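Quick caveat: nothing in here was measured; it's all calculated off a predicted structure.
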Amino acid sequence: MSLEVAKSTSPSPSPLAAGDNALATYRRAQILCASVKLVGRDGALGARLKDIANEAGVSLGLVQHYFGTRQELLEETFRSMLSVSLSRIPQYTGSDVDPLVTLIAMLRLHAYGSVDFQERWGFWVELWSSARRDPVHAEIAHEVYTLWTTPLEQAVDRLASAGRCRTDIAPNEAAIRLMGLIDGLAVRTLVDPSVMNVDDLYRMLVDAATRQLGLHVDEVDAAVATFDTRAEELPMSAPLSPEVLIDALARANPDS
């Protein structure tokens, strides 16, 4: 199953104010950014509409105008952040892309992404915590894992078919193993930065994937090196902003 199919059969992240004017689109993004920051810092349970309004620098009435209820805002917050996390994936998942480049790109995105590491991973940890109590958030968490695991599974499948990695591990199991490794090392980086930083995380992920999948080291080194000259395609992390969110949602919903 291609990433495009996986995206079409899962609930799509809702577009930012399709048809609204530019100011309305920006206001929605501004509120969603504030919600992301508040959820990552104080947790989903502590994210009240009044606090989100204060964080965004807008009135409570404006928040309610665009999102109605707290539950609606939280759901769109999680889905919008999913769009941000997925926004750079499609350019590395086509059949014309070397699957090893796809694999390395996914590892690099988990480490560096397009949003500041602490902000991004702090937010995902809160989603997982909230998913244990809220069935809607659990569905979103499942969607997150599905959309992140699919390109890893496809890459491993293509590498195995070409005889470039181990074939004694099913691609879906290999992808789940990699996601577990990514989660564990990322959380350690998040909560214990004195022990490891984001560069350490990326290096460890590449090394672990190489060993677990039986990849050829010289091919991995070449795939890693491609990103040294394509930094503009896979930028280093930056703080989340309304502009970043608007761009990500435009990529996720190009026809909206």
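With rounding to the nearest 0.5 Å, the separation of CG in Leu178 from CG in Leu107 is 6.5 Å. If you take CD on Gln154 and CG on Leu159, they are separated by 12.0 Å, rounding to the nearest 0.5 Å. Taken from OG in Ser80 to CD1 in Ile246, the straight-line distance is 11.0 Å, to the nearest 0.5 Å. Interatomic distance, CE of Met106 versus CE of Met179, reported as 11.0 Å (0.5 Å rounding). Atom SG of Cys165 sits about 9.5 Å away from atom CG of Leu100, to the nearest 0.5 Å. Note that the CG atom of Leu147 and the CD1 atom of Ile89 stand 7.5 Å from one another [nearest 0.5 Å].
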For side-chain contact (heavy atoms from CB on, under 4.5 Å), just list the numbers for Arg188 and Met204, CA-CA rounded to whole Å, side-chain angles, deciding distance to a tenth of an Å, and then say yes or no.
CA-CA 12 Å; Arg188 182 66 186 273; Met204 291 180 187; over 6 Å; no
Report the C-alpha distance between Trp121 and Asp183 in whole Å, list the side-chain angles of each, state the deciding distance to 0.1 Å, and finish with yes or no for side-chain contact (heavy atoms from CB on, under 4.5 Å).
CA-CA 9 Å; Trp121 275 97; Asp183 287 344; 3.6 Å; yes
Can Leu205 and Leu201 be said to form a side-chain contact (heavy atoms from CB on, under 4.5 Å), step by step?
CA-CA 6 Å; Leu205 290 177; Leu201 168 63; 3.8 Å; yes
Please report the C-alpha distance between Phe123 and Val115 in whole Å, then the side-chain angles of each, then the deciding distance to 0.1 Å, and finally whether the side-chain contact (heavy atoms from CB on, under 4.5 Å) criterion is met.
CA-CA 11 Å; Phe123 179 85; Val115 177; over 6 Å; no
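Residues Met81 and Leu45 are members of separate hydrophobic clusters, defined by side-chain heavy-atom contacts under 4.5 angstrom among Ile, Leu, Val, Met, Phe, Trp and Tyr. Residues Leu103 and Ile176 do not share a hydrophobic cluster, clusters being chains of Ile/Leu/Val/Met/Phe/Trp/Tyr side chains in contact below 4.5 Å.
Contact check for Val220 versus Val217: no side-chain heavy atoms found under the 4.5 Å cut-off. With contacts defined as side-chain heavy-atom distances shorter than 4.5 Å, the pair Thr189/Asp200 does not qualify. Between Leu73 and Val63 there is a side-chain heavy-atom pair separated by less than 4.5 Å. Annotation: side chain of Arg158 is not in contact with side chain of Glu153 (no heavy-atom distance under 4.5 Å). At a threshold of 4.5 Å between non-hydrogen side-chain atoms, the residues Phe78 and Val144 do not count as touching.
Using a 30° and 60° split on the angle between ring planes, Tyr145 and Trp128 fall in the parallel class, below 30°.
With a 6.0 Å radius and a threshold of 12 heavy atoms from other residues, nucleotides or ligands, Arg166 has its CZ atom above the threshold. The 12-atom threshold is exceeded at CZ of Arg133, counting heavy atoms of other residues, nucleotides or ligands nearer than 6.0 Å.
Using a 3.5 Å distance cut-off with no hydrogens or angles, the side chains of Tyr202 and Asp207 do not pair a donor with an acceptor. Donor-acceptor pairing under 3.5 Å is recorded for the side chains of Ser85 and Trp148.
When atom types are taken as modelled, the side chain of Arg70 and the backbone of Ala47 share a donor-acceptor pair closer than 3.5 angstrom. A distance-only check finds a donor-acceptor pair linking the side chain of Arg120 to the backbone of Ala111 [under 3.5 Å]. A donor-acceptor distance shorter than 3.5 angstrom exists from the side chain of Thr102 to the backbone of Tyr92, with no hydrogens or angles considered. Remark: side-chain polar atoms of Arg41 are not paired, donor with acceptor, to backbone N or O of Glu119 under 3.5 angstrom. Without hydrogens or angle criteria, Thr149 side chain to Thr146 main chain gives no donor-acceptor distance under 3.5 Å. For the pair Ser161 (side chain) and Asp157 (backbone), a donor-acceptor distance under 3.5 Å is present. In this structure, the side chain of Ser130 does not engage the main chain of Glu126 through any donor-acceptor pair within 3.5 Å. Side chain of Gln30 to backbone of Ala56: a donor-acceptor contact under 3.5 angstrom is found. Side-chain N or O atoms of Arg28 include one that pairs as donor or acceptor with a backbone N or O of Tyr66 at under 3.5 Å. In this structure a side-chain-to-backbone donor-acceptor pair under 3.5 Å is missing from Asp42 to Val39.
Only one option out of Val36, Leu82, Ile140 pairs with Thr77 in a side chain to side chain contact (heavy atoms under 4.5 Å, CB included); it is Val36. When each of Ile169, Val156, Leu181 is checked for a side chain to side chain contact (heavy atoms under 4.5 Å, CB included) with Gln212, only Leu181 meets the rule.
Between Glu219 and Arg164 there is a salt bridge, since a side-chain N of the basic residue sits under 4.0 Å from a carboxylate O of the acidic one. Ion pairing between a basic and an acidic side chain is recognised when a charged N comes within 4.0 Å of a carboxylate O; Arg79 and Glu75 show no such pairing.
Across every non-hydrogen atom of Asn21 and Ala24, the tightest pair is OD1-N, 2.8 Å. Of all heavy-atom pairs spanning Leu215 and Ala209, the tightest one is CD1-O, 3.9 Å. Contact record, Ala248 with Ser83: CB-O, 4.0 Å, taken as the closest heavy-atom pair. Counting all heavy atoms, side chain and backbone alike, Arg48 lies closest to Asp51 at NE-OD2, 2.8 Å. Across Leu74 and Ser35, no two heavy atoms sit closer than the pair CD2-OG, 4.3 Å.
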